[in-house]
Amino acid sequence: MGLDLEPYGDDWWVSADVPASARPGRPLHAEHVLGIGGATQTMIGAAVRRPVDSALDLGTGSGVQALHLGTHARRVTATDVSRRALRFAATTAALNGQEWELLHGDLVAPVAGRRFDLVVSNPPFVVGPGTTTHVYRDSGRVGDAIGAELAAAAPGLLTEGGTMQYLANWVHVTGEDWGERVAGWFAGTGLDAWVIQREVADPMAYVNLWLTDVGEATDPQRMADWLDWFDAHKVEAIGFGIVSLRRGDRDDPVLRVEDLRQRVQPPMGDRIADWFDRQDWLHGRETDGLLTARYRAADGLQLRQEATMGTDGWGVDRQVLALPDGLRWTEEIDPLVLALVGGADGRLPLRDQLALLAVAHDVAVDELAEAAGPIVAHLVERGFIAPVQP
Ligand SMILES: C[S@@+](CC[C@H](N)C(=O)[O-])C[C@H]1O[C@@H](n2cnc3c(N)ncnc32)[C@H](O)[C@@H]1O
């Protein structure tokens, strides 16, 4: 049957099964152990790589996520429902001189009652009728229930300040807002959550993708059954995304579910860590707290302008701030906000900056200050400007 021993990174080795693409015409083992696939790399790139004491990899497969965790976690635990996968993971650990606690069982059952500083998972997230033919792909849960199940388990898995990140797929159902559906997974968890939709596929492309992945793209019955299930459940598309959760122990956790297609450039780990840091800074800071702070515009921040030539020269139609890196946020702004960002060099508290702007633009400073609060909070959240720590 063969074995895939892949050189990986600078000097690592990963043991996995040979992918379907390398053995055409031969069906994959039901307990096929995934090598370094696209989703694997997405999870690797999205993980927050800060030093932690304890880390957990749920559904470890080849062990590649655990391998990365071993570079910044003092203790690594990895689980899988497949004993076959656990043997591959043990081989990967041994080949690279790492030691992990390897546990067998369904999702969080093997670590019940335990908490970790960082949890990562590239689970079998594929959405469908809930039948399992390949354990690396199918969770046995109906539809997108595994994403909700992991969200519900997260509060019980995390230490204070701990982070959990996983890949998920979710259905877009006719007449339903997909964002609200996914947001519903986190209601009542008390966790800060940032969900990024990075891709959307229509049912046909989706089924084709996952049948090809297991070498069954030519099986018309499987394709028809799967598509019928989508049809019966009014699924018009399937979203792919990254879920990042953080236990902040707050009464008013932050929840953002965003469609950031075409924006996500791996690696995302540092961006996600910075996003949570910015949320921490913003938390509980009323307008007054925002006004007394000083800000600096992001490095490389761009202003893009559209203008039309008129009888008096150029008339500006639109001004957009653009961050060239990371999530490449853009934000249409008015001249006052542009002046505010342009003057954000870290020297003056925002309140003083606003006082100067009020004079220059002939507006009441109180009015300006009131309007500035939510705008500044938004600009900080997106990283257009950053508070300068005293
Ligand atoms: C998509 S693979 C990911 C493997 C590896 N972590 C990676 O990133 O490449 C999903 C893994 O989850 C395991 N798995 C499937 N169902 C599971 C369950 N109910 N509980 C725990 N692990 C499960 C599979 O055996 C497989 O190793």
Side-chain angles (χ1 to χ4, degrees), residues 4-6 8-9 12-20 28-47 55-70 73 76-93 96 98 100-112 114 116 118-128 130-150 152-154 157 164-169 209-210 213-214 240-243 266-269:
D4 186 19
L5 202 54
E6 280 193 56
Y8 175 66
W12 282 339
W13 290 91
V14 171
S15 79
D17 274 316
V18 178
L28 289 190
H29 193 286
E31 283 191 54
H32 174 82
V33 175
L34 186 69
I36 298 161
T40 306
Q41 292 180 44
T42 301
M43 186 63 249
I44 290 168
L56 169 67
D57 173 18
L58 278 175
T60 192
S62 67
V64 64
Q65 306 293 342
L67 200 52
H68 280 273
L69 292 175
V76 176
T77 301
T79 71
D80 209 292
V81 77
S82 157
R83 290 194 190 277
R84 185 165 190 275
L86 286 171
R87 286 196 291 275
F88 278 80
T91 306
T92 297
N96 299 289
Q98 289 198 13
W100 313 327
E101 178 188 26
L102 289 169
L103 301 174
H104 173 254
D106 183 31
L107 278 195
V108 299
V111 289
R114 292 177 56 185
F116 300 85
L118 177 64
V119 181
V120 302
S121 184
N122 170 15
F125 52 69
V126 175
V127 170
T131 38
T132 301
T133 62
H134 295 84
V135 71
Y136 85 90
R137 184 192 68 178
D138 313 313
S139 68
R141 276 78 172 167
V142 177
D144 52 15
I146 191 165
E149 191 174 330
L150 287 171
L157 278 179
M164 174 158 167
Q165 297 181 276
Y166 60 94
L167 302 185
N169 281 186
L209 169 73
W210 292 112
D213 211 51
V214 296
F240 294 66
I242 305 165
V243 174
M268 287 283 295

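Indexing begins at 1, ligand by ligand and atom by atom, following the structure's order. We're numbering straight along the sequence, starting at 1.
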Step-by-step salt bridge (charged side-chain N to carboxylate O under 4.0 Å, His left out) determination, E31 to R87: CA-CA 12 Å; E31 283 191 54; R87 286 196 291 275; over 6 Å; no

Protein heavy-atom partner closest to atom 23 (C) of ligand 1 - residue, atom, separation in Å: V81 CG1, 3.5 Å

Ligand 1 versus E149: contacting region, heavy-atom distance under 4.0 Å: neither

Shortest non-hydrogen contact between L67 and W100, atoms and distance: N-CZ2, 3.5 Å

Heteroatom distance test (Q65, ligand 1): nitrogen or oxygen, under 3.5 angstrom: yes

Per-atom contacts of ligand 1 with Y136, taking only distances under 4.0 Å to non-hydrogen atoms: 1 (C), 2 (S), 10 (C), 24 (C), 26 (C)

Distance-only N or O hit between ligand 1 and A85, under 3.5 Å: no

Under 3.5 Å: N/O of T60 near N/O of ligand 1: yes

Polar contact flag for N122 and ligand 1 (N/O pairs, less than 3.5 Å): yes

Heavy-atom gap G105 to ligand 1 smaller than 4.0 Å: yes

Shortest protein heavy-atom distance from atom 15 (C) of ligand 1, along with the residue and atom involved: V135 O, 3.0 Å

Contact atoms of ligand 1, heavy-atom distance to G59 under 4.0 Å: 3 (C), 4 (C), 5 (C), 6 (N), 11 (C), 12 (O), 13 (C), 22 (N)

Minimum heavy-atom distance between T91 and S15, given as atom pair plus value: CB-OG, 3.6 Å

From the candidates I146, V64, L34, D80, the one that places a heavy atom nearest atom 27 (O) of ligand 1: D80

Between CZ on residue R83 and NE2 on residue H104, distance to nearest 0.5 Å: 4.0 Å

Residue pair I146 / P123: nearest heavy atoms and the distance that separates them: CD1-CB, 4.0 Å

Polar contact flag for L107 and ligand 1 (N/O pairs, less than 3.5 Å): yes

Short N or O distance, P124 and ligand 1, threshold 3.5 Å exclusive: no

For atom 18 (C) of ligand 1, the option (of V120, V108, D106) bearing the nearest heavy atom: D106

L157 versus L56, closest heavy-atom pair with distance: CD2-CD2, 4.2 Å

Polar proximity ligand 1 side, S82 side, N/O cut 3.5 Å exclusive: no

Reported OG1-to-CG distance for the pair T60 and L86, which is rounded to 0.5 angstrom: 7.5 Å

Atoms in ligand 1 flagged as close to R141, the criterion being non-hydrogen separation under 4.0 Å: 19 (N)

Contact with ligand 1 for M43, non-hydrogen, under 4.0 angstrom: no

Aromatic plane relationship, W12 with Y8 - under 30° parallel, 30 to 60° tilted, over 60° perpendicular: parallel

Closest non-hydrogen atom pair between G59 and D80, with its separation: C-OD2, 3.5 Å

Nitrogen or oxygen of T40 less than 3.5 angstrom from that of ligand 1: yes

Heavy-atom gap H32 to ligand 1 smaller than 4.0 Å: no

Atom of A16, atom of S62 and distance for their closest heavy-atom approach: CB-CB, 4.2 Å

Distance, nearest 0.5 Å, that separates CD of Q165 from CG of L150: 13.0 Å

Residue part near ligand 1, for T79, under 4.0 Å between non-hydrogen atoms: neither

Let me check something: any side-chain donor-acceptor pairs from residues 36-46 under 3.5 Å, sequence neighbours excluded? List them with distances.
| residue | atom | partner | partner atom | Å |
| --- | --- | --- | --- | --- |
| T40 | OG1 | G35 | O | 3.4 |
| T40 | OG1 | G37 | N | 3.2 |
| T42 | OG1 | G38 | O | 3.0 |

